[in-house]
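FYI, side chains are in, hydrogens and waters are out, and symmetry mates aren't considered; it's all heavy atoms of this structure. Order of the sequence lines sets the chain letters (A, B, ...), proteins ahead of strands, with each chain counted from 1.
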2 protein chains.
Amino acid sequence: MQYDMIETLKRIALLGGAKHEIEISSKALGESMGVSQQTASKRLIDLEKSGAIKRGMSVKRQRITITEHGLKELRREYVEYRRIFEDDRRIYLSGVVASGVGEGRYYMSQKGYLSQFKKELGFDPYPGTLNVDLSEAEASKLQMLDAMKGVALGGFTSEGRTFGEVKCFKAKIKDIDCAVIIPKRTHYRHTVEIVAEKRLRDALGLADGSAVEIIVSGE
Amino acid sequence: MQYDMIETLKRIALLGGAKHEIEISSKALGESMGVSQQTASKRLIDLEKSGAIKRGMSVKRQRITITEHGLKELRREYVEYRRIFEDDRRIYLSGVVASGVGEGRYYMSQKGYLSQFKKELGFDPYPGTLNVDLSEAEASKLQMLDAMKGVALGGFTSEGRTFGEVKCFKAKIKDIDCAVIIPKRTHYRHTVEIVAEKRLRDALGLADGSAVEIIVSGE
DNA sequence: ATTACTACAGACCGAGTAG
DNA sequence: TCTACTCGGTCTGTAGTAA
């Protein structure tokens with residue numbers, strides 16, 4: 001659905017169409033949006049075709065109701081704005097499940113991190129990570145994680161090797177608690193690694209290519 | 001500002017641009033909106049021209065921040081959606097102050113109503129009403145008031161004349177408590193009459209033609 | 001009064017491409 | 001690589017007008 005359709009739907013909703021039927025002429029609706037009667041009329045026709053509104057033609061004005069489908073479209077917009085202005089401690093990462101052993105798995109198998117992890121995140125992670133590929137735009141949200149504190153797991157030395165600090169973020173995927181692991185010295189990457197108590201592929205029925213949304217808590 | 005500009009601004013905000021500078025290529029931004037790199041680039045140029053964003057060009061990607069002005073535009077959208085989904089007991093009526101003696105004034109000078117008014121609305125009204133003209137689209141919101149209870153002032157007989165029930169709604173104009181008077185048997189009208197404790201023209205510095213927004217409480 | 005069709009003008013998008 | 005220009009095709013809005 002294009003922007004002008006959403007805008008028209010929003011206008012109708014603001015005139016009361018989200019709650020009940022409203023009676024309005026295409027001329028008045030057009031005026032309230034700063035477009036002509038013809039444009040308003042066309043948009044109403046298109047909205048009706050797409051199933052976002054229902055219309056009943058009276059003798060004069062038309063009666064309009066927003067359908068459940070139309071409300072859904074509006075609510076989707078609303079949720080996005082809410083994320084901008086209210087949800088400012090959360091970051092939503094959308095991506096697809098990918099295969100591949102990541103650094104995260106290796107890090108999370110180190111006892112030096114494991115003990116801290118249990119203490120800070122509250123669970124013992126399943127020994128394996130879920131790799132999620134992000135589109136370039138989604139990956140740019142990772143910049144936000146750089147600016148946020150998260151949960152730092154201190155470095156240590158083990159078997160002659162030095163392990164640096166690792167940053168984690170509490171997260172959720174569909175109500176399952178998990179954590180995003182951000183290895184230090186993150187170059188530009190477009191993959192995130194997730195750990196959880198259970199194997200997430202099983203718990204959520206995921207396979208390579210499944211779409212997932214990770215809700216990262218900014219602490 | 002057109003819809004596609006707002007949409008672009010929203011996308012930038014969702015990528016973190018509402019809180020801090022983000023670094024993103026026009027290609028990635030375009031993909032996240034389903035448009036080409038060229039279109040994304042043009043929109044960024046236009047947004048910068050309009051003062052909604054600031055850009056700094058790095059060697060590769062550009063760094064983008066949403067300005068205070070850009071945030072204002074987004075917030076305006078957000079407020080509209082909030083009205084649709086959250087504020088469902090309030091109705092916002094925008095109009096301009098008009099002159100003319102209305103029925104409301106006559107009604108409100110009747111002692112039979114006055115005593116009830118004080119009891120139900122909590123103040124003694126200034127003997128006069130503020131007339132506000134609504135555009136046709138705004139006037140269609142009055143249909144909502146019909147469906148709402150409001151505060152009913154019972155009818156009575158005085159000097160041989162019968163006065164019917166009058167419906168009032170608690171309202172506010174810029175934090176000043178007032179009430180919208182809806183005479184029964186409302187034909188299609190595009191004017192509302194407001195009463196308050198003080199003369200609203202003085203209290204708010206209004207003259208004919210001044211724009212006002214009335215926030216009507218649906219009780 | 002309305003709604004909505006047609007026809008055209010102007011805006012917009014994206015492929016190609018320069019810097 | 002990146003951004004952003006030009007240019008042509010397409011989309012969109014509106015005046016005129018019919019019903």
task = Report the distance from atom CD of A/Q62 to atom P of C/dT3, rounded to the nearest whole Å.
result = 5 Å
note = A/Y3 OH to D/dT12 P, in whole Å, measures 12 Å
task = Take atom CD of A/Q38 and atom C1' of C/dA9, then tell me their distance rounded to the nearest Å.
result = 14 Å
key: A/E48 with A/K54: basic N within carboxylate O range, under 4.0 Å   = no
query = Can you name the closest pair of heavy atoms from A/G51 and A/T67 and give their distance?
reply = O-OG1, 2.6 Å
request  = Ignoring hydrogens and angles, answer whether the base of C/dG14 and the side-chain atoms of B/Q37 contain a donor-acceptor pair closer than 3.5 Å.
outcome  = no
message = Starting the side chain at C-beta, find the nucleotide from D/dA4, D/dG13, C/dC5 nearest to B/R55.
response = D/dA4
key: Quiz item: cation-pi between A/R83 and A/F85, 6.0 Å / 45°   = no
key: Value in whole Å for how far the P atom of C/dT3 lies from CD of A/E48   = 13 Å
note = Separation of D/dA4 atom P from B/M57 atom CE, nearest Å, is 4 Å
query = With a non-hydrogen cut-off below 4.0 angstrom, is B/S26 in contact with a base, only sugar-phosphate, or nothing?
reply = sugar-phosphate
note = Whole-Å distance, A/R43 CZ to D/dC11 C1', equals 13 Å
Residues B/R11 and B/E7 bridged, charged N to O under 4.0 Å = yes
query = In whole angstrom, what separates A/D46's CG from C/dA4's P?
reply = 11 Å
query = Which of the following nucleotides, C/dC5, D/dT14, C/dT3, is nearest to the side chain of A/I45?
reply = C/dC5
ask   = Looking for any heavy atom pair under 4.0 Å, which part of the strands does A/T39 touch: base, sugar-phosphate only, or nothing?
value = base
ask   = Between A/K27 (NZ) and C/dT3 (P), how many Å, whole number?
value = 10 Å
query = Using a cut-off of 4.0 Å on non-hydrogen atoms, how would the nucleic acid contact of A/S41 be classed: base, sugar-phosphate, or nothing?
reply = base
message = Under a 3.5 Å distance rule, please check whether B/K174 uses its side chain to pair with a backbone N or O of B/V212 as donor and acceptor.
response = no
task = Assign A/L44 to base, sugar-phosphate, or nothing according to its heavy-atom contacts below 4.0 angstrom with the strands shown.
result = nothing
